[in-house]
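Note that the structure is a prediction, hence the values are computed from the model and not measured.
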There are 2 protein chains.
Amino acid sequence: MPVPRDAASRRSGIPDATVARLPIYLRVLGAFAESGLPTVSSEGLAAAAGVGSAKLRKDLSHLGSYGTRGVGYDVEYLVYQISRALGLTQHYPVAIIGVGNLGHALANYAGFGTRGFQIAALVDADPRRAGEVIAGIEIRHLDELETIIKEHEISIGVIATPAAAAQDVCDRLVACGVTSVLNFAPTVLAVPESVDVRKVDLSIELQILAFHEQRKSAGLHGEPGVAVPDVVRTSVASA
Amino acid sequence: MPVPRDAASRRSGIPDATVARLPIYLRVLGAFAESGLPTVSSEGLAAAAGVGSAKLRKDLSHLGSYGTRGVGYDVEYLVYQISRALGLTQHYPVAIIGVGNLGHALANYAGFGTRGFQIAALVDADPRRAGEVIAGIEIRHLDELETIIKEHEISIGVIATPAAAAQDVCDRLVACGVTSVLNFAPTVLAVPESVDVRKVDLSIELQILAFHEQRKSAGLHGEPGVAVPDVVRTSVASA
DNA sequence: CGTCGCTTGTGAACAGGTGCACAAAGCGCT
DNA sequence: AGCGCTTTGTGCACCTGTTCACAAGCGACG
Ligand SMILES: NC(=O)c1ccc[n+]([C@@H]2O[C@H](COP(=O)([O-])OP(=O)(O)OC[C@H]3O[C@@H](n4cnc5c(N)ncnc54)[C@H](O)[C@@H]3O)[C@@H](O)[C@H]2O)c1
Ligand SMILES: NC(=O)c1ccc[n+]([C@@H]2O[C@H](COP(=O)([O-])OP(=O)(O)OC[C@H]3O[C@@H](n4cnc5c(N)ncnc54)[C@H](O)[C@@H]3O)[C@@H](O)[C@H]2O)c1
């Protein structure tokens, strides 16, 4: 029985690009709701979210036909529908592994819990850190990792360890049932296909910005649109 | 004079998707270089970077025809070429605005300076923070923002203030010449077209993971690929 | 020097995502 | 009820990016 639906539909019914934007809409809608606005047009919402209105309408159309022609979308109802589509009607406990500089900031981050996420565990390899309490959560030692993950039925792990430890930690998380990982360490993690990994990488972001900076300054004293000037293959190591 | 080159070429010669991956290749190549490996095949490099080998070859082909058929790519030379393409032969001073939990972590982050970036200034609105020294840099008060940016000729700004202050800070940065912004605050920033903004948003990442989590657990006790069940439009506010 | 095996670079097909433009649909006003 | 104004939802064309598959190129080896 061939089911030649397109790949996006086969997986979830909602395209990845849309899923990545839904949280932005959700946040903007939250602000609208607080200011008491009952409805928004696609135009208004799109402007606030920094996207085109057609794209926004197409995104929302994947969730269903909410919205009233001639009027717009009911803010509260749309918040509910997007939340439901994203799976935010459930609460997800998360564990943070590696409570150094970054891990501390994450643990203290208030915006964490606002949308259905709750820090259930903090884990670090350094025995001196064990026992320290941050934001009401006690740091536990790495030895207890498996116990803690299973005890709290954690399915989302946040890795904030040094790069060298990340793959190891990730393997252990996956082994005890974690199926989603948010990785702050600058490494490519290898995981089974059934596990989702997203990465947040500061230095990659900066390097992308640097690329565009270079483009801009090159344009100032040269032809716009010229290719990168080629260099003779000499003195490689000197640069 | 019509110049119907494709849009990617018109902008820079290198597609955006490729630019976003080059830093990953660069990091992996760095590891290879340290372990003394003289050359890599596209297969080997692709595996370490977590991409397909064809994609990697196409990416590299946008920089030029480095690489030797039957052999692979010279690791050191490729590092140099990618660095050059990304504009990392120059050094970029960056400013961090907002030195709270997150700002402190960023300022202490060693991996920052490793690839041509250097923290040139720390700025915070809280007068009690002014004078504090982190990683050898003194925190300055927000009032001095314009002076500092111009003094150091900073073109890349990192915003780590609360969301409410982000747009304001961004406007001021742009006004004194900053052309690239890395935004950690959960807000959509409005900027002129000539300015690049990239955002790092923890809660968006988590929400995307939550979406996939939901998909997985739905699959366990239902049909895979079913659409989201529709709900009657009642009791909107109750959820 | 010719041949063989390996790996690059790329044309071409494909897939996913975007933006335009408009018909369909609801609302309010007369 | 009818009309006109507004805004949604979507078909369609376009464009960017991915994947496949293979000819061309290079080194090694006999
Ligand atoms: N600090 C930043 O702003 C920043 C920015 C981007 C990326 N990162 C990355 O985030 C990671 C953490 O950065 P940081 O500045 O917090 O470093 P850090 O050295 O301050 O903290 C690392 C923590 O991880 C713990 N740890 C080490 N091995 C562990 C293991 N196997 N299991 C559990 N915990 C372990 C250490 O005890 C330490 O507390 C690094 O990979 C870094 O590259 C940091
Ligand atoms: N802490 C995290 O892990 C984390 C994660 C993701 C996103 N964020 C976001 O990053 C931002 C900072 O988070 P944080 O935890 O460091 O908050 P924080 O409250 O600890 O720090 C904010 C700092 O910004 C300063 N500030 C306020 N207004 C300012 C202004 N107009 N100009 C300059 N400085 C100003 C404050 O004095 C304070 O030092 C927030 O927008 C937060 O939502 C934080």
Non-neighbouring partners of B:Gln118 that pass side-chain contact (heavy atoms from CB on, under 4.5 Å), sequence neighbours left out: none

Given B:Glu205, which partner from the list A:Leu182, A:Asn183, A:Val158 fulfils the side-chain contact (heavy atoms from CB on, under 4.5 Å) test? A:Leu182

Given atom OH of A:Tyr77 and atom P of D:dT8, what is their separation to the nearest angstrom? 16 Å

Taking the side chain of A:Pro15 as heavy atoms from C-beta outward, which of C:dT18, D:dT19, C:dG17 is closest to it? C:dG17

B:Ile14 CD1 - D:dG17 P separation (whole Å): 12 Å

Starting at atom NE2 of A:His62, determine the distance to atom C1' of C:dT18, rounded to an integer number of angstrom. 12 Å

Kindly give the atom pairs (protein nitrogen or oxygen, nucleotide nitrogen or oxygen) under 3.5 Å for nucleotides 7-10 of chain C.
unit_1 : atom_1 : unit_2  : atom_2 : d
C:dT7  : O4'    : B:Gly70 : N      : 2.9
C:dT8  : OP1    : B:Ser42 : N      : 2.5
C:dT8  : OP2    : B:Ser42 : OG     : 2.5
C:dT8  : O2     : B:Arg69 : NH1    : 2.8
C:dG9  : OP1    : B:Ser65 : OG     : 3.4
C:dG9  : OP1    : B:Tyr66 : O      : 2.3
C:dG9  : OP2    : B:Tyr66 : O      : 3.3
C:dG9  : OP2    : B:Tyr73 : OH     : 2.6
C:dG9  : O4'    : B:Arg69 : NH2    : 3.1
C:dG9  : N7     : B:Arg57 : NE     : 2.8
C:dG9  : O6     : B:Arg57 : NH2    : 3.1

B:Gln90 atom CD, over 12 foreign heavy atoms within 6.0 Å: yes

Just checking, is any N or O donor in the side chain of B:Thr179 or A:Glu213 under 3.5 Å from an acceptor N or O on the other one? yes

Whole Å only: how far is the CG atom of B:Asp16 from the P atom of C:dG17? 16 Å

Is the ring centre of B:Tyr73 less than 6.0 Å from the ring centre of B:Tyr66? no

When you check the side-chain N and O atoms of B:Arg57 and B:Ser42, is any donor under 3.5 Å from an acceptor? yes

Gap between atoms CG and C1', on A:Asp59 and C:dG19 respectively (whole Å): 12 Å

